[in-house]
Amino acid sequence: MTLRAAEWHKLPTSLTELCINTTLRCGQSFRWRKSAEDEWSCALHALHYRAIYPSPTTKLLTPPPSNAPSVTAEDDTLALINHYFNLAPDLGQLRAPKFTGIRILRQDAWEALIGFICSSNNISRISGMVHNLCLHYGPLIAHLDDVTYHDFPTPDALSGPDVEAHLMKLGFGYRAKYIAKTARIVSQDKGLKWLQDLSNPECPQFGVPEQPAGELLEGGREGYRKAHEELLALHGVGPKVADCVYLFGLGWSESVPVDTHVWQIAQRDYKFGKDKHSSLTAATYIAVGNHFRKLWGKEAGWAHSVLFTADLKAFSERVVAKKEVKEEEVVVKQEDGETVVEDVIKKETTKRKRVKKEPGENEHNVLEVKTETTRRSKRQRA
DNA sequence: AGCAGACCTCAGAG
DNA sequence: ACTCTGAGGTCTG
């Protein structure tokens with residue numbers, strides 16, 4: 001593995017337009033990790049990014065979903081960053097509630113699908129599960145500063161015969177079956193292209209040209225309503241998980257995932273929870289989404305995330321989950337003639353601790369991005 | 001259509 | 001040190 005460093009680039013945005021600490025922690029993605037040195041990192045595409053604030057330092061590390069188009073030049077790196085962080089829309093122009101810096105990431109649809117199947121959990125536990133998926137089934141991308149970076153596993157990698165039992169052992173619970181079944185359907189039956197073709201044509205997967213997506217109707221645009229039916233057929237995918245995938249992985253901005261949190265907000269601020277909609281039934285779920293769409297149109301999902309995060313934020317000022325990682329077992333084993341680099345079963349214990357709000361959280365620093373290109377010199381073999 | 005209980009793990013309460 | 005309860009979303013009956 002060779003790393004080639006490139007010039008420093010200034011990300012074409014300000015912190016009013018993108019707040020990394022909020023955007024990467026608000027429960028829309030589960031793979032970014034923040035180190036003790038205040039650096040964010042994630043394996044994503046065949047690249048290695050580095051972003052810093054004047055102080056403290058923030059680093060974004062990145063390598064590739066194997067299904068993504070290969071990107072090598074720095075110009076494309078910037079395009080990828082613009083795409084992933086969804087930097088094109090001007091937040092100042094949005095009618096959504098004011099809460100600066102929250103972006104709806106444009107994540108890989110497959111990763112979002114599996115990630116949100118794990119999502120009947122708190123964010124730190126979902127992150128742990130997704131991390132374990134990458135560690136055990138994702139291709140090794142880089143070894144840097146004593147940290148190994150694995151990409152998100154492909155549908156093929158998750159459709160082996162022992163996946164369900166193994167995930168059970170890793171503490172996935174009933175989600176183990178959902179993941180195994182969904183992976184098998186996508187890899188052997190429907191195909192990844194099927195999933196990606198459910199994307200909003202106005203907001204396609206990286207590298208795909210944009211197409212118009214039609215008029216907004218009460219229940220969302222035609223394509224969104226149609227995509228709805230498709231994903232619900234998968235095991236472990238109900239309306240909430242499907243809406244998360246539409247919003248964060250398939251670019252349908254009118255999607256409003258109603259979880260218990262959003263349901264609280266709907267009751268508290270929008271007079272839901274009475275008569276007809278006294279509990280969160282399927283009909284109530286649709287009514288909440290339609291109400292948000294009536295208020296914010298195509299940006300309903302964005303607005304929803306802002307409200308959601310604002311609530312999350314208020315919560316996190318009082319109580320912050322502090323994580324302790326304990327290594328229980330380290331095994332090196334072989335699979336299919338390829339070296340499985342580390343088979344580490346980690347158990348994460350979460351302790352709740354009262355802390356003050358982190359200083360500098362909302363400071364308007366300049367965000368810079370350093371790009372580096374990773375090249376795989378050779379595939380590791382046993 | 002709505003609702004209750006099962007699924008599974010973990011944290012927190014008692 | 002122990003058991004019990006509740007949270008999280010989906011599925012089944």
Side-chain angles (χ1 to χ4, degrees), chain A residues 25-30 112-133 136 163-186 219 228-249 255-268 272-290 301 304-305 308-309 311-312 315-316 318-326 328-329 345-355:
Chain A
R25 284 197 313 192
C26 67
Q28 57 172 316
S29 65
F30 310 110
L113 174 60
I114 297 301
F116 284 102
I117 284 179
C118 298
S119 73
S120 56
N121 262 311
N122 63 49
I123 296 172
S124 85
R125 198 172 155 219
I126 304 164
S127 301
M129 289 173 150
V130 170
H131 180 69
N132 264 334
L133 282 179
H136 293 271
V163 170
E164 185 182 334
H166 186 207
L167 293 183
M168 263 332 258
K169 231 177 269 173
L170 289 172
F172 279 67
Y174 55 82
R175 302 156 198 91
K177 185 183 278 178
Y178 294 159
I179 292 170
K181 279 188 167 180
T182 295
R184 215 162 291 148
I185 288 170
V186 171
H228 228 276
E229 307 302 313
E230 301 261 357
L231 280 194
L232 289 178
L234 297 170
H235 293 270
V237 180
K240 188 266 177 182
V241 170
D243 273 328
C244 286
V245 180
Y246 299 132
L247 182 59
F248 303 123
S255 172
V256 180
V258 184
D259 62 0
T260 51
H261 220 96
V262 175
W263 175 232
Q264 304 288 327
I265 294 170
Q267 290 174 90
R268 190 192 64 203
F272 280 85
K274 298 178 179 121
D275 336 306
K276 206 165 61 159
H277 299 304
S278 57
S279 65
L280 187 47
T281 64
T284 307
Y285 186 100
I286 292 165
V288 171
N290 286 345
H304 140 278
S305 294
F308 176 90
T309 308
D311 259 34
L312 206 67
F315 176 77
S316 76
R318 278 176 280 117
V319 184
V320 164
K322 191 172 171 128
K323 250 197 267 175
E324 290 176 0
V325 180
K326 200 172 70 188
E328 283 197 332
E329 196 185 340
I345 298 169
K346 283 183 178 173
K347 187 146 193 174
E348 295 187 343
T349 51
T350 306
K351 283 188 179 171
R352 297 207 169 271
K353 193 181 171 186
R354 288 183 176 274
V355 289

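Proteins get letters first, then strands, A, B, ... in listed order; numbering begins at 1 in each. Being a predicted model, the structure only gives us computed values, none of them experimental.
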Interatomic distance where [atom1] belongs to [X] and [atom2] belongs to [N] [whole Å]:
X        : N      : atom1 : atom2 : answer
A/Tyr178 : B/dC7  : OH    : C1'   : 7 Å
A/His261 : C/dA7  : NE2   : P     : 13 Å
A/Arg175 : C/dA7  : CZ    : P     : 15 Å
A/Phe172 : B/dC7  : CZ    : C1'   : 16 Å
A/Ile126 : B/dC8  : CD1   : P     : 19 Å
A/Lys240 : C/dT10 : NZ    : C1'   : 11 Å
A/Leu170 : B/dC10 : CG    : P     : 11 Å
A/Leu280 : C/dA7  : CG    : C1'   : 14 Å

Indicate whether OP1 or OP2 belonging to [N] is found under 4.0 Å from a side-chain N or O atom of [X].
X        : N     : answer
A/Thr260 : C/dG8 : yes
A/Thr281 : B/dG2 : yes
A/Ser279 : B/dC3 : yes

Proximity to the side chain of A/Pro239 - top-ranked nucleotide from C/dG9, C/dT10, B/dT9: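 Closest nucleotide among those given: C/dT10.
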Worksheet item: So what does A/Ala176 hit on the nucleic acid, given a heavy-atom distance under 4.0 Å: a base, only sugar-phosphate, or nothing?
Response: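 The answer is nothing, as A/Ala176 stays clear of every strand by at least 4.0 Å.
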Between the two ends of the helix from B/dC3-C/dG13 to B/dG14-C/dC2, what is the bend in degrees, rounded to 10 degrees, where each end axis spans five pairs?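 Computed from the C1' atoms at both ends, the axes differ by 50°.
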Are [X] and [Y] side-chain neighbours, meaning at least one heavy-atom pair lies under 4.5 Å?
X        : Y        : result
A/Thr182 : A/Ile185 : no
A/Val245 : A/Val237 : no
A/Val130 : A/Ser29  : no
A/Ser119 : A/Lys240 : yes

Subject >> A/Thr284 side chain to A/Thr281 side chain, donor-acceptor N/O pair below 3.5 angstrom >> reply: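 Per modelled atom types, A/Thr284 and A/Thr281 side chains form a pair under 3.5 Å.
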Item to check | Nearest heavy-atom neighbours spanning A/Tyr285 and A/Val256 | outcome: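 Nearest pair, atom of A/Tyr285 first, then A/Val256: OH-O, 3.6 Å.
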First locate atom CZ of A/Phe116, then atom CD1 of A/Ile126, and finally report the distance between them rounded to the nearest 0.5 Å.
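Taking CZ in A/Phe116 and CD1 in A/Ile126, the distance rounds to 7.5 Å.
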